[in-house]
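Report on the structure given below.
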Amino acid sequence: MKVRIDALTRVEGEGSLEVFLRNGRPESLRLSIYEPPRFIEGILRGKPYYVIPDITARICGICPVAYQMSGVQAVEDAFGVKIPEDVEKVRRLMYFGEWIQSHALHVFFLHLPDFFRVPSVLELSKVDRELVLAGMEIKRAGSLIIQTLGGRTSHPVSVVPGGFSHLPESLTSLKEVLEKALDKAMWATERLAELHFPELELSNVLFVSLLEEDYPILKGNIHLEGERISPRDFKDFFVEFEVPYSTAKHAMTKDGKVYVVGPLSRFNNAFERLSTLAREMATKVGLEPPVRNPYRSLLVRMIELVHSLERAVHMVREYRRPEVTRVKVVPKSSEGYGVSEAPRGILWHHYAFDEEGRILSADIVPPTSQNQRVMELVLWEFIRRQDSPTEELLRDQAEPIIRSFDPCISCATHFLRVNLKYA
Amino acid sequence: MRVGVFKFSSCDGCQLAFFELEEELLTLSEVLSIDYFLEASSSNRWGKFDLVFVEGSVSTPEEEERIRRIRENSKFLVAIGACAVSGGIQSARNFQDFPELYSSVYSQRYDVNPHSKPISDFVRVDLEIRGCPINRESLREVVVALLHGRTPQLPSYPLCLECKRRGNPCVVVAYGLLCLGPVTVAGCGALCPSYKRGCYGCYGPVEKPDLQALLEGYRRLGLSEETLRELLQVSFNGYNKSIREWL
C-alpha cells in the first residue's frame, strides 16, 4: 500500500513523493525526480570551450548565472587565465542579481503561499497584496541587475570566459530601484518573522558551503567539518550515486555522512561575513547560527536578500566600467574546476579540454542532487511519526518541507555519467 | 477563458515569463482562469482548456502521450520557447550517436527517446512564441491579443532589422564576428550584437532561412561549413524543421 503525490507543485521541475505503508504505518518513502534527463554533459563533449556559459545556462532558467559563473571559472582555471579585480567585482554584482531574483521568486511566489495556507501567489495576493507586491519589487530589482549587465534575466548573453563581452558605461539607473528594494526586503523580513514555523530539525547533517573573504558567493574553498577543500579535490570528499527511482543522483560525503548545501549552510558557516544590515536584521528577528529548522530557511533567504541588496547598492554606487572587460583566453590541453554558490548551494563544474580547447569531458554537480538525500531524511523524520498518512497530509505538510529546500529539479536532472578520457 | 501551462523537457525558463509579468499577472488572473500551472499553484484542475501554453520538448514516450492528451483537450495551443518550437538544447543530441551517449548514462532504466523533438512534430500547434527563453513582452502580446480576439503581432523578420533599428554597428563588419542574425527571427531586441557578440540563434530561424547563402557570405571570413553546422546545432534551435534537413 502506498500514498503518493504524483506531481510536486511550486517547485522548479518535475518530481513526486511516495510513502509506502505496512498495516497503515509508514515503512519507507521515496522522493523521486522523474524529469527526463537532458544529457547536457554529453552534449558538451566535443564542443569548443566558449559554448560552456551559453549551454550550461540552459540547465536552469532560474539560476543560469550560477552555471555561467562556475563554468567560466572552470575554463579560466584550466587555461590559467587571471581575471582583473574590477571584472570579478562585476561578476559578483551580477551574481547578487541572481540571488535576489531567485530568492524573491522562491520566497514569495513558491514558498510563502504554504505559510498562509493558500495554493498560489495569486491567491496570496488576495490575502496580503502589500506583501506580494513587495516580493515582486524585490524580484524586479534582481532581474534588473542581470538584465542591465547581461541583456536579459534568464540566460544572459554577456558572460564569456575571460570576463564580459561588453559592459554598460554606467549603472546609476539601478541605484534607486535597489535602494527601494532593500527597504522592502527589510520590511518584509520583519513581517515574515511573525509567521508560524513548525518545529523540525536537521540532525546529524553537515552544513557544507564555500568559504571566502566575504559571505560566500563567487568562489573559494569548500568548508566541510572545519576542513577546507579545494574545488579540485571535491570528488575526494564527496560522492554522487544513482538511486533506482530518480533521474537525479544523490550525494553524500565519502565517509557516508549526509550533508546539506544552500542558505542554511552559508548562514551557519559564515554568519559573521554577512553585511551589517543583514546581521542586524538577523539579530532583530532572532536568527542565529546554527539554524537547523528547514522551515526557517525562508527567513535565512530574506537575510541573504538584505545582504545581497546592501552589497549591490554599494557596488552600483562605486561602479566604473572596467578598462578591460575581457582578458584573452588561450586554450591548451588541460583540466579545470569551477565552483560557486548558486542560490540553492554549491555548484561544481569540472572539464577536460584538448589542445584546441574542445571539451573532452564535462562533469557538473548541482546543488539539488546534493540536497536530495537530506530532503528524504527530514521528510522521513516527519512521516515516520504519522499514524496513517494520507495524500492530503503529504500535500499540506510534507510538500512544504520539500519546498523549503527550494529544489531545482531541472538542474538535478541534466547529467550524464562520463568516463574521463584525457588526451 | 480556461488556461493551462504545461512543462515538458526544459529548464523552466519560459514559464518564468509568466512570473515576470508581475502585477500584470495579478490583473490577468482576474480575467483568466489559470486552471493548471504546476510551478505556480498547488491547486490544479485538469479538463478542457481554451488556451494552453506548452514549454519544453518531447523527449520521452510519456511526453508523446501527454502532449496528445493535452492537444485533444485544448482549443488553442501555444508552443513557448526554443524547446517547444525546435527541440531545445537537448536536441543537440539528435546530431550525435545516441546509443553511445545513452550507454554512458545510467543503466537504461529510463525510457528516453533518441531524439528531442518540437511539439509540432506530434500535434498541431496554433502559435509559436520564439526565444530561449521567451520574453514577457511577446507573452503579454499573445495573451492580450487572444483575450481581445485579434491575431497576435510577433516579428517574423530577421534579427538584422532589429539590430539596425537599435543603431548597432554590424558585428560581422565591425569586429569580424560570426553572427546568425541574417537567418534568425527578431524579437530579442538584438541582444547579442548589443553586447558585442554575434547572435547565436536562440530565437530560431526565420521562415525560409537561406543557409547556403549565409555560408557563401561567411566563407570570406574563413568560415567552414562544419563551423556553421556546429553553430546551428548549439543554437537551441538546430532541430527546427526549417534547418534540420540542412544539418
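Every chain is numbered from 1, with letters handed out A, B, ... down the list of sequences. Predicted model, so just to flag it, every value in this text is computed and none were measured.
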What's the shortest heavy-atom distance between B/Ile89 and A/Arg58, and which atoms? CG2-CB, 3.8 Å
Answer whether the closest heavy-atom distance between the side chains of A/Val157 and B/Tyr200 falls below 4.5 Å. yes
If I take atom CD1 from residue A/Ile59 and atom SG from residue B/Cys11, how far apart are they, to the nearest 0.5 angstrom? 10.0 Å
Run A/Lys126 and B/Glu30 through salt bridge (Lys or Arg N to Asp or Glu O under 4.0 Å) and show every step you take. CA-CA 11 Å; A/Lys126 292 173 192 162; B/Glu30 284 161 22; over 6 Å; no
Heavy-atom pairs under 4.5 Å with chain B - which of A/Val121, A/Thr153, A/Val51, A/Val160 has more of them than the others? A/Thr153
Relative to chain A, which segment of B/Ser9 carries a heavy atom at a distance below 4.5 Å: side chain, backbone, both, or neither? both
Heavy-atom distance under 4.5 Å to chain A: side chain of B/Asn44, backbone, both or neither? side chain
NZ/NE/NH1/NH2 to OD/OE distance under 4.0 Å, A/Arg140 and B/Glu22: yes
Pick one of side chain, backbone, both or neither for B/Cys202, based on which atoms fall under 4.5 Å of a heavy atom in chain A. side chain
Kindly indicate whether the side chain of A/Arg403, heavy atoms from C-beta on, has any atom under 4.5 Å from the side chain of B/Ser42. yes
Would one find more than 12 heavy atoms of other residues, nucleotides or ligands at under 6.0 Å from atom CZ of A/Arg117? no
Where does B/Glu230 contact chain A at under 4.5 Å (heavy atoms): side chain, backbone, both or neither? side chain
Centre-to-centre under 6.0 Å for A/Phe164 and B/Tyr195, is that the case here? no
Measure the CG-SG distance between A/Asp54 and B/Cys192 for me, rounded to the nearest 0.5 Å. 7.0 Å
Would you give the length of the straight line joining atom OG of A/Ser120 to atom CD of B/Glu39, rounded to the nearest 0.5 angstrom? 13.0 Å
Is it the backbone or the side chain of A/Leu149 that comes under 4.5 Å from a heavy atom of chain B, or both, or neither? backbone
Partner chain B: residue of A/Pro113, A/Gly151, A/Pro156 with the largest heavy-atom pair count (under 4.5 Å): A/Gly151
Measure across A/His166 and B/Ser194 and return the closest heavy-atom pair with its distance rounded to 0.1 Å. CD2-O, 3.6 Å
Could you measure the distance from the CD atom of A/Glu35 to the CG atom of B/Asp12? Nearest 0.5 Å is fine. 6.5 Å
At a 4.5 Å cut-off on heavy atoms, which part of A/Ser143 comes close to chain B: side chain, backbone, both, or neither? side chain
A/Ser165 (side chain) donor-acceptor with B/Arg197 (main chain) under 3.5 angstrom: no
Looking only at B/Phe236, B/Phe37, B/Phe95, the option with the highest number of non-hydrogen pairs under 4.5 Å against chain A is B/Phe236
Give the intermediate values and the outcome of side-chain contact (heavy atoms from CB on, under 4.5 Å) for residues B/Leu26 and A/Leu133. CA-CA 10 Å; B/Leu26 302 183; A/Leu133 291 181; 4.2 Å; yes
Hey, is A/Arg152 close enough to B/Glu20 for a salt bridge, meaning N to O under 4.0 Å? no
B/Ser59 side, atom OG; A/Arg38 side, atom CZ - distance, nearest 0.5 Å: 9.0 Å
A/Leu167, part contacting chain B, at a heavy-atom distance under 4.5 Å: neither
Looking at chain A, which one of B/Ala82, B/Ser43, B/Ser116, B/Ala40 has the largest number of heavy-atom pairs inside 4.5 Å, strictly under? B/Ala40
For B/Glu225, does the CD atom sit with more than 12 other heavy atoms under 6.0 Å from it, leaving out its own atoms? yes
At a heavy-atom separation under 4.5 Å, does B/Leu25 approach chain A through its side chain, its backbone, both, or neither? both
For B/Phe98, which atoms come within 4.5 Å of any heavy atom of chain A: side chain, backbone, both, or neither? side chain
Cationic N near anionic O, under 4.0 Å, B/Arg93 to A/Glu41: no
To the nearest 0.5 Å, what is the distance between CZ on B/Phe19 and CD on A/Gln101? 11.5 Å
List the atom of A/Ile43, the atom of B/Ala92, and the distance in Å for their closest heavy-atom pair. CG2-CB, 3.5 Å
Going by an N to O cut-off under 4.0 Å, is there a salt bridge joining A/Arg129 and B/Glu23? no
Heavy-atom proximity to chain B below 4.5 Å, by part of A/Leu110: side chain
